[in-house]
Amino acid sequence: MLKVVLPDGSEKCYEKRVSPLDVASEIGAGLAKATVAAVVETTTETGETTTATISSTDLLPESGEVKLRLLTKKDPEALGILRHSCAHVMARAVLRLFKGVRLAFGPTTDNGFYYDFWKEEPFTEDDFAKIEAEMAQIIKADEPFERIEMSRDEAIKLLKAAGETLKVEHLETGLAENETVSFYRQGEFVDLCRGPHIPSPRFIGAFKIMSTSSAYWKGDANNQQLCRVYGTAFFDKKDLDAYLTRLEEAKKRDHRVLGKKHELFMVDPKIGSGLVVWLPKGAVIRKQLENFIYEELIKRDYQPMYSPVICRVELFETSGHYPYYADSQFPPITMDDGDRYLLRPMNCPLHVMVYDSKPRSYRELPLRLAEFGNVHRFEQSGELNGLTRVRGFTQDDAHIFCTEEQVESEFKNCVDMTLKVLKTMGFEEYEVRLSFRDWTSPKYVGDPEVWKKAQASLERACHEMNLPKLEIVEGEAAFYGPKADFIVRDCLGRQWQLGTIQLDYNLPSPQRFNLKYVGADGELHQPVMIHRAPFGSFERFTGILIEHFAAAFPLWLAPEQVRVLSISEKFENYAKDVAAKMKAAGLRVGLDLSPEKIGAKIRVGRNDLIPYLCVVGAKEEESGTVAVRGRKQGEMGAINVDQFIADLKQENAERRL
RNA sequence: GCUGCCGUAGCUCAGUCGGUAGAGCGCGUCCUUGGUAAGGACGAGGUCAUGAGUUCAAAUCUCAUCGGCAGCUCCA
């Protein structure tokens, strides 16, 4: 006998085997019709609970007790199930339309799903309509999804007969012999699949093939290339429309588009791919960011330093960065006498040299060396992307040399600084990823015991500081130490790492730079090194910032903070006087004396996203005022010039958003 | 780096069947001197990414190269 406990606490008992759909039917025909899938929580005899999402037609256990939650389209998990089923529908359509196609995998993604196929010729956009039409037929026919279980060996036999060589390989290499696997059948289409699925395609209210691309089998660049088709699906047509509208809107925020439109930066192949030129307006933004960070550095007892962007290769041989990363570095320059120089891909060895330039005492620690360090890396051509992935960039870098006991407080200070940065910019959507060691891999350096302690203290610090969306990823640590990354998304939903804090047990080690300090005990000890950059790089950070603000920068960052617009030529002198006064007060002011009507000047000023426009004519000249129009506030009426300047200075100094 | 798509004026884009190039915005000059999202007239501006090939003729068709975009892979 099976006891089913529902979320409201009510219980139902069954003698024969039932599915969630049977339970739903008993509650009501409406619920049965709306049930997409079910979440089942079972408790084993040892007291462990396991939660599984299953199809509504899958059978529940024969006996025992389960907690059952029926999913309808209102539940957040339901959409993923729908999309996974839609991926099957798409794969079925593709198999019907194209000969010689073999199936790989078809999972869901954040915004939809994809399916990878092996296919002789890649898909073209012309194929999209055909596939969509076939999918519509399949959805209309509304045949149920049906689960089939069998042993691994049976499954392999079946898949071999069907010619699904990729799936066979997956089973043969990835699964133990005695395991049971499941298939889902829908009409003539049978696919190896864990499930769950919607009962039948009728739930798919709207779907669309979005794009096509290539992908590697099992994500390995050494493997064969597959043809991937991306699509998305929703329960309701209006959700799809809203999603497509949102995508259109997001494209308008693209920093590459806005950067060009507002003349913030340029990248030109004649200069070199991935090599950014900051145009005057973009340079203003960068300078404000530098000033902001510099203030923070000084507050937090960092010591600024400068070092060359090119230095002897040997330095990077000592650090281990060369030749290990040679394929992503600009190759060394060899001089006539044989000396080789490398454009630096990292700042740390230079900072290490400063640390090591004299004997250090524990009394000097923590030593915090900061530099806006310009580095160059030869990124793969396919990776280059506006400001977010480039070949030359400047990190807001610093290296902290400290004792093991100081690591936790230093780490916290770095987190605090990064949070200050995010808060000042108004970033609310970000994730924190703690990357830890994979204990099975031999690639790491440093004492495992020290790692364990460090990882624990990092995690503790993160919890104490209430970091949101904290994610711990085992095996993602750099080979030299655990790290914490602050990750945000761009307008297209792609994730980018901005701030980073990394512990380093490698560079100070005897195999590398062999760093020491004299402890209170008079003995020599090895310091711990922390790399940290709250922005990451000015380039990437600015790129994300452009999208974050959609180029409508707050006053303190705006390249042109205020613009004076004259009503007509008669007021040119007054306009110039007002502008001069503002400039003298340290504001970045523009002047529009063009022979246009005021409406046109306002329009241009609005389109240029100037925070404040000041209209001046006869009334203003008489009263010593400006007629202000704020980007956010709209018309603000006449304001005394000195008062307005004081207000702006205040807003600027506060870095108000 | 891989796969696919793309490359026409400063920008956004049109250009049919192969017949030597267009619009809007921007820019310049002049007229207009005006009160909160576009006043008017005239004008300049292109080696159609580059190089080969096919053709009487190439922006258009073919190939190669370079670059861009999307995804994959990578990211000290």
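No hydrogens, no waters, no symmetry mates; every other heavy atom, side chains included, goes into these values. Quick note on labels: first sequence line is chain A, next is B, and so on, each numbered from 1.
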Touch class at under 4.0 angstrom, heavy-atom based, for A:R494 against every strand present: sugar-phosphate
A:E596, nearest nucleotide to its side chain (from B:G39, B:G35, B:C72): B:G39
Any A:R629 side-chain nitrogen or oxygen under 4.0 Å from OP1 or OP2 of B:A37: yes
Below 4.0 Å: OP1/OP2 of B:G71 and any side-chain N or O of A:T212: no
From B:G67, B:C75, B:A37, nucleotide with atom closest to A:N607 side chain: B:A37
Sugar-phosphate only, base, or nothing, as touched by A:I598 at under 4.0 Å among non-hydrogen atoms: sugar-phosphate
B:G68 to B:U32 separation - P atoms, rounded to the nearest Å: 49 Å
Under 4.0 angstrom between A:R606 side-chain N/O and B:A38 OP1 or OP2: no
Charged N-O contact under 4.0 Å between A:K576 and A:E572: yes
Selection from B:A37, B:G68, B:G35 that lies nearest to any side-chain heavy atom of A:S273: B:G68
Per A:Q225 side chain, nearest of listed nucleotides B:G71, B:C2, B:G34: B:C2
Ring-ring centroid check A:F105 A:Y114, cutoff 6.0 Å: no
Parallel, tilted or perpendicular: rings of A:Y430 and A:F486 (30°, 60°): tilted
Sugar-phosphate only, base, or nothing, as touched by A:G219 at under 4.0 Å among non-hydrogen atoms: sugar-phosphate
Closest listed nucleotide, where the reference is the side chain of A:S214 and the choices are B:A38, B:U3, B:C75: B:U3
Sugar-phosphate only, base, or nothing, as touched by A:S381 at under 4.0 Å among non-hydrogen atoms: base
Sugar-phosphate, base or nothing in reach of A:P345, heavy atoms under 4.0 Å: base
Quiz item: A:E569 side-chain donor-acceptor pair to B:G34 base, under 3.5 Å: no
Sugar-phosphate only, base, or nothing, as touched by A:Y480 at under 4.0 Å among non-hydrogen atoms: sugar-phosphate
Short side-chain N/O contact to B:C69 OP1/OP2 from A:R256, under 4.0 Å: yes
Separation of atom CG in A:L343 from atom C1' in B:A76, rounded to whole Å: 15 Å
A:Y216 side chain, from C-beta outward: closest of B:A76, B:C72, B:A37: B:C72
A:R389 (side chain) and B:C75 (base): donor-acceptor pair under 3.5 Å: yes
Geometric class of the A:Y444/A:W451 ring pair [parallel <30°, tilted 30-60°, perpendicular >60°]: perpendicular
C1' gap between B:A38 and B:G15, integer Å: 28 Å
Sugar-phosphate only, base, or nothing, as touched by A:Q395 at under 4.0 Å among non-hydrogen atoms: nothing
B:U36 and B:G24, which share atom name C1', separated by this distance in whole Å: 25 Å
Which nucleotide in B:C74, B:A37, B:G71 has an atom nearest any side-chain atom of A:Q380: B:C74
Sugar-phosphate, base or nothing in reach of A:K570, heavy atoms under 4.0 Å: sugar-phosphate
Selected nucleotide, minimal atom distance to A:K483 side chain, candidates B:A76, B:G67, B:C2: B:A76
Geometric class of the A:F538/A:F535 ring pair [parallel <30°, tilted 30-60°, perpendicular >60°]: perpendicular
Aromatic plane relationship, A:H399 with A:F401 - under 30° parallel, 30 to 60° tilted, over 60° perpendicular: tilted
Separation between the C1' atoms of B:C17 and B:A58, rounded to whole Å: 14 Å
Sugar-phosphate only, base, or nothing, as touched by A:G599 at under 4.0 Å among non-hydrogen atoms: sugar-phosphate
Phosphate OP1/OP2 of B:A70: any A:N385 side-chain N/O under 4.0 Å: yes
Ring centres under 6.0 angstrom apart (A:F117, A:Y115): yes
A:Y612 ring center within less than 6.0 Å of A:F644 ring center: yes
Proximal nucleotide (of B:C11, B:G71, B:G68) relative to the A:K260 side chain: B:C11
A:K218 NZ - B:C74 P separation (whole Å): 15 Å
Touch class at under 4.0 angstrom, heavy-atom based, for A:E620 against every strand present: base
Rounded distance in Å between the P positions of B:G19 and B:A59: 9 Å
Nearest-nucleotide 5' precedence on RNA chain B, A:F378 against A:K619: A:K619
Distance test, side-chain N/O of A:K597 to OP1/OP2 of B:A37, below 4.0 Å: no
Touch class at under 4.0 angstrom, heavy-atom based, for A:Y230 against every strand present: sugar-phosphate
